[in-house]
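None of the values given here were measured: they were computed from a predicted structure.
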Amino acid sequence: VALVSTAVEVPLVTFDGADGTGALTDWFALVDPVMGGQSTGTWTVNEDESYGSLDGEVKDVPSLSAPGFVTAGALGSFPDASSAIDGGLVLNIR
């Protein structure tokens, strides 16, 4: 008896949004403006080398005496990855 396992690859994001994936060109920086947050951030796209870059500075929120946040996000729909539910998540970052 042999147990055969096959990996299912489901690309969620590509640089150009090919094949129904989310496009890096649609992403943006999100910061903490609620409750007096002072963090800053930008999302830029390198068209020549096909990658996106998040650059930011997290600062304490004075009213909370706690750190704020900087993150990248995108609105839209992404491919259904439920076929890979039994597998692991591989995140390729340049």
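- Residues passing the side chain to side chain contact (heavy atoms under 4.5 Å, CB included) test with Phe28 are Leu30, Leu75, sequence neighbours excluded.
- A side chain to side chain donor-acceptor pair (under 3.5 Å) check over residues 52-80, counting only residues at least two apart or in different chains, returns the pairs Asp80-Ser82.
- When all heavy atoms of Pro11 and Pro79 are compared, the closest pair comes out as O-CG, 3.4 Å.
- Contact check for Thr25 versus Glu47: side-chain heavy atoms found under the 4.5 Å cut-off.
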Would you sort out whether Leu54 and Val70 count as a side chain to side chain contact (heavy atoms under 4.5 Å, CB included), showing the intermediate values? CA-CA 9 Å; Leu54 175 66; Val70 178; 4.0 Å; yes

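- There is no path of hydrophobic side-chain contacts, each under 4.5 Å, that joins Trp27 to Phe69.
- Taking CG of Asp26 as the reference point, atom CH2 of Trp43 lies at 11.0 Å (rounded to 0.5 Å).
- Every side chain to side chain contact (heavy atoms under 4.5 Å, CB included) that Asp16 has, sequence neighbours left out, goes to Thr14, Ala18.
- In terms of heavy-atom proximity, Pro67 sits nearest to Val58 at CB-CG1, 4.2 Å.
- Side-chain contact between Val13 and Phe78 is present, with heavy atoms from C-beta onward closer than 4.5 Å.
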